[in-house]
Amino acid sequence: MKISVTFMGTIARDLLGDHDPANQVIDLPDGATLKDLFTYLRIPECREYAAIVEKKVGKPEDPLSDGMAVTFFQTVYGG
Amino acid sequence: MEIIRVDMSKKEIKTGQMPPEYEEWGGRGLTSLMIHDEVNPACDPLGPENKLIIAPGFLSGTGFVNTSRVSIGAKSPLTGGIKESNAGGTAGALLGRMGIGCMVIEGSSKDDSLHLLKISNTGGCELIPADEYKGMRTYRLVESLHETYGKKNTILCIGPAGEFQLSSASIQATDMDGRPCRAAGRGGMGAVMGSKGIKAVIIEQGGKSKAEFADPEAFKTAGKTYANITKEHPFTGKMLPALGTAGLVGPVNSLGAFPTRNATQGTMAGWEEISGESLAKMISQRKGNPTHLGCSQCIVRCSNEFLDSEGQYVTSSLEYETIWAMGGMTGITDLDVIANLDFLSDDIGLDTMNTGVAIGVAMDAGQAEFGDSQAALEMMEEIAAGSEWGRALGNGPDQVGKHLNHHRVPTVKGQSIAAYDPRGMQGNAVTYATSTMGADHTTGNLVGLYLGGVLDPLGTEGQVEASRNAQMMMAMVDWTGLCLLASAPVNTPDGKTAFIDAVNAKAGTKYTFEDLMAKSIQILKAERAFNRSAGLSKKDDRLPDFFYKEPLPPHNKVVLLSGEDMDRVFDS
């Protein structure tokens, strides 16, 4: 299945070696979860990085489905 | 530490040693305890009985990073209760280095004359007649004061809004470049300063007292550890230096909690145009500085310098809350317009948040279309001109709502909410309702818990406890002078230890984290006692009705926590 992924903040630059954060389409096997996506992208699975799916912070065990859009953010503590 | 008392009724200044009971305090701890102890809660906030207290944090002026906050407290003309609003820039560190624990400005002029309060680097203080500066906006004022009294001096000042004693009037503080672009914005502290007849406080550079540390080596070690954690932390070391606080636009909007068009929507069409990513790109393309040093001791550098398309300076620093208030709430998606509105706020001396929300309420009530940039700019000039409509706007959203008979006014205790809709972040509803300061995100923002997956923003479970803990944590941060934005490392085990070690090394104490929380409770209890005596009751610890009746898209939730839930924050 294909997952549309967007990187916000400095995630792409800091973790993916990409200086121009952009949308990417990732191909994952059926049955993959959000945890699998974190693993595939090598984004640390911790409080400091959030994946938002359909206006909610996703949990590692959340199943992904074809065509889903996932946006990765750094956790922010207020402004 | 020294205490400076300025009696504006008698035009007398007295200096002396800080009373022993206040020696271990600074920042919000000092302002709130002193207001509790010395100010009649029933007094007119703009009368001679009120006191304006200016205090650097307990760690301000030391080598500990990001501790240049200066707290300004008084009874608020906006909330009718106690208020502490703190600003960055250079004042906190400078006052701390000079060994000044606080300045207490009391009484008031019997006429409408204005004065400057000048603190020399040898510790001398004087009042200087300043009627020639009447009506002057802050940028021109600071330029003039720098020419007369020295270019490197730090200045705290008011603009026309403070002189009009408007409830949204700020006290502007100069930054590292000497511009009056940092603000103690919330709660009308500028109006209190105006009521005292003080146009500006000038603090001469170069003053230094012998630093007092119980254990200098331990302090140095703790400071170094905290600095290293701050540099490595993904928020303070990566995101903030690159995008500034504007980096919050994306996450909060993506959670559906970005109050838009006077809090009628939780997501904003066109949010990408005002995001931190767009702001940083625009600033870089115009050869501005997206990683600007705004405050003394700062290693985070979340500030920025915004230039126009011709490369001319517009404002510094364009922050998340301002982008939201002047953009999200008004429906304006043009960063150039928002930057101009930010500059005007600083120049007139206004809280960007209360003012942006007031404009949003006016638009919602039909005074202009959402997104009408020209109308927003004209409203700012109305405030500066002191017209009747301008005074309603400058007194904040409540006054605008009354003036236009409009029901949707997102305030608590008269103060506007911040850039997190309480229907999309239920715990922030608790903080807005129960904070001693009115709706104030800086007293207990839970956004980090929501994004970190620790708490469900749309549920009710754990919200009261989380808000209570956050309110205690922020009271601790506020009395030490640590910048809120640099406090994220305190949430890490090593960062927390280093922070506590630094406090102990300075004070000569052996406080645990629980001991520091107990001190926070002492502050909160004093603030609540003051508010109760001032006439604020449980009915003031409530959100406006519309948050319970109007579901917020996209989640279509209302606030789910009841009045009884709110009361549990401080009753347990």
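Residue numbering restarts at 1 for every chain, and letters A, B, ... go by the order of the sequence lines. None of these values were measured; they are calculated from a predicted model.
- In this structure the side chain of B:N445 never reaches within 4.5 angstrom of the side chain of A:Y77, judged on heavy atoms.
- Heavy atoms of other residues, nucleotides or ligands lying less than 6.0 angstrom from CD of A:E54 number 12 at most.
- A search for ring pair (Phe, Tyr, Trp, His ring centres under 6.0 Å) contacts involving B:Y226 returns B:F64, not counting sequence neighbours.
- Residue B:D456: no heavy atom, backbone or side chain, is found under 4.5 Å from chain A.
- When every heavy atom of A:V57 is checked against every heavy atom of B:Y450, the shortest pair comes out as CG2-O, 3.3 Å.
- The main-chain N or O of A:K55 is found under 3.5 Å from a side-chain atom of B:H555 such that the two form a donor-acceptor pair.
- Using a 4.5 Å cut-off on side-chain heavy atoms (C-beta onward), B:K238 and A:R13 make no contact.
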Starting from the C-alpha separation in whole Å, work towards a yes-or-no answer on side-chain contact (heavy atoms from CB on, under 4.5 Å) for A:F73 and B:S254.
CA-CA 10 Å; A:F73 292 98; B:S254 292; 3.2 Å; yes

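- Other residues, nucleotides and ligands contribute more than 12 heavy atoms inside 6.0 Å of the CD atom of A:E61.
- Taking CZ from A:R47 and CG from B:L451, the interatomic distance works out to 10.5 Å, rounded to the nearest 0.5 Å.
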Contacts table for residues 239-252 of chain B: side-chain donor-acceptor under 3.5 angstrom, sequence neighbours left out:
residue: B:T245; atom: OG1; partner: B:E319; partner atom: OE1; Å: 2.7
residue: B:T245; atom: OG1; partner: B:Y320; partner atom: N; Å: 2.9

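- Counting non-hydrogen atoms of neighbouring residues, nucleotides and ligands closer than 6.0 angstrom, the CD atom of B:E232 reaches no more than 12 such neighbours.
- For B:Y420, the part lying under 4.5 angstrom from a heavy atom of chain A is the side chain only.
- Proximity to chain A is absent for every atom of B:T236, based on heavy atoms less than 4.5 angstrom apart.
- In this structure a side-chain-to-backbone donor-acceptor pair under 3.5 Å is present from B:E277 to A:G9.
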